[in-house]
Amino acid sequence: MKPDNALADGASTAILILVASELELQGLTLTLPSRVQIACTGVGKIASAVETTLQIRQWRPELVICAGIGGYYGSALELGDLALITRELLIDEGVATAGGFLSMETLGFQRCTIHSPAAVPPVFDQLPFAQRHIPGATVSTVSGTQKMADERYGAFLPAGICENMEGAAVAWACQRAEVPWIGIRALSNFVEERDLERWNIPLALASLSAYLELFLQEYSPQ
Ligand SMILES: O=C(O)c1cccc(C(=O)CC[C@H]2O[C@@H](n3cnc4c(=O)[nH]cnc43)[C@H](O)[C@@H]2O)c1
């Protein structure tokens, strides 16, 4: 027997929006067109990779949007601005040595960069915040010190990079399933010395909602 929400044979979902946490799912104010689904993967690489695979198998989407909040290392954007992501870097998978960090790719194991086959997401003029095409950096441990942030991302200034905990895992699962993906992250904090008073998750979720609403209108899947 099929679950209640399974698709009829031959049907497909146009867009599957994946967020990491219930906080993000509950905080988004979206009107979903009929062929758009939204689901929560859980936080981090393992939960999001597994859940993305299961969600793709269930909904057979034409596009996955990996949406959520993220941290920003850079000088061009403010909190509430949007990172439009088509390249995700596995930035902390490797070996720490006295001579510095060696990535798995450098050591001859798996690739550490996942490129999207999808077009760069659009910039919408009518939104009151900046939207920039920058890479995502997927980590297991949030950079909570300025030292770690500088070591990880010093080379990315000034355009910047968006740190998160799921992007590359979602992208990897999409790539294996041959489903195009994009990342849309609203900046909730700067990647710096941890200070929760400087985070603004409500602002980030408001601008993420505004962007996604326009995106879904623009691409109104029938
Ligand atoms: O340090 C804390 O107490 C704390 C409180 C609330 C949330 C967090 C998170 O680390 C949220 C992780 C969650 O949100 C994404 N995210 C947002 N900002 C960042 C960041 O700077 N670095 C990495 N991930 C970030 C992430 O994708 C997770 O889903 C901590």
Side-chain angles (χ1 to χ4, degrees), residues 16-28 38-52 55 64-94 101 112 114 116 121 129-132 134-157 159-174 181-209 211-212:
L16 172 62
I17 302 173
L18 295 176
V19 297
S21 64
E22 283 294 329
L23 176 84
E24 289 157 313
L25 193 61
Q26 301 307 329
L28 287 176
I38 188 163
C40 185
T41 62
V43 170
K45 291 175 203 166
I46 295 176
S48 58
V50 170
E51 195 58 32
T52 300
Q55 291 287 334
V64 166
I65 302 180
C66 178
I69 59 172
Y72 178 63
Y73 184 96
S75 56
L77 296 177
E78 302 294 333
L79 297 191
D81 289 345
L82 261 282
L84 312 176
I85 299 170
T86 57
R87 181 162 59 110
E88 276 284 355
L89 314 175
L90 278 164
I91 209 112
D92 64 356
E93 295 197 355
F101 176 78
C112 290
I114 301 128
S116 170
F129 43 79
Q131 304 136 66
R132 273 211 171 194
I134 58 173
T138 306
V139 295
S140 297
T141 303
V142 173
S143 307
T145 67
Q146 190 64 51
K147 182 171 179 287
M148 183 183 244
D150 292 342
E151 280 169 7
R152 279 177 163 173
Y153 308 120
F156 286 89
L157 271 174
I161 193 159
C162 177
E163 188 179 277
N164 67 85
M165 299 180 75
E166 300 82 21
V170 171
W172 194 297
C174 288
W181 62 274
I182 54 174
I184 309 291
R185 294 260 174 192
L187 306 178
S188 52
N189 59 283
F190 294 102
V191 178
E192 59 182 5
E193 206 75 24
R194 178 172 175 271
D195 177 2
L196 290 181
E197 299 218 327
R198 282 171 54 78
W199 284 47
N200 197 337
I201 293 176
L203 174 68
L205 290 176
S207 56
L208 183 61
S209 298
Y211 183 93
L212 289 174

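When a ligand or atom number is given, it counts from 1 through the structure's own listing order. These values consider heavy atoms only, across backbone and side chains, with no hydrogens, waters or symmetry-generated copies.
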Of K45, M165, E166, the one whose closest heavy atom lies nearest atom 29 (O) of ligand 1 is E166
Going by heavy atoms, is W199 under 4.0 Å from ligand 1?
yes
Which residue is it: L89, V191, I91? I am looking for the one with a side chain to side chain contact (heavy atoms under 4.5 Å, CB included) to V139.
I91
Do side-chain atoms of S207 reach the backbone of D81 as a donor and acceptor pair under 3.5 angstrom?
no
Taking only non-hydrogen atoms of E24, do any sit less than 4.0 angstrom from ligand 1?
no
Can you find a side-chain donor-acceptor pair between E163 and S143 that sits under 3.5 Å?
yes
Is the shortest distance from a heavy atom of G70 to ligand 1 less than 4.0 Å?
yes
Going by heavy-atom distance to atom 19 (C) of ligand 1, choose the closest among G71, A186, C66, G144.
G71
Determine, considering heavy atoms only, which of T41, I201, I69, L23 sits nearest to atom 16 (N) of ligand 1.
I69
Going by the 4.0 angstrom heavy-atom rule, the piece of N189 near ligand 1 is side chain
Within less than 4.0 angstrom of ligand 1, does G68 place any heavy atom?
no
With distance as the sole test, does D92 use its side chain to make a donor-acceptor pair with the main-chain N or O of S140 at under 3.5 Å?
yes
Pairing donors with acceptors under 3.5 angstrom, does anything connect the side chains of T52 and Q55?
no
Applying a heavy-atom cut-off of 4.0 Å, say which part of S143 lies close to ligand 1: side chain, backbone, both or neither.
neither
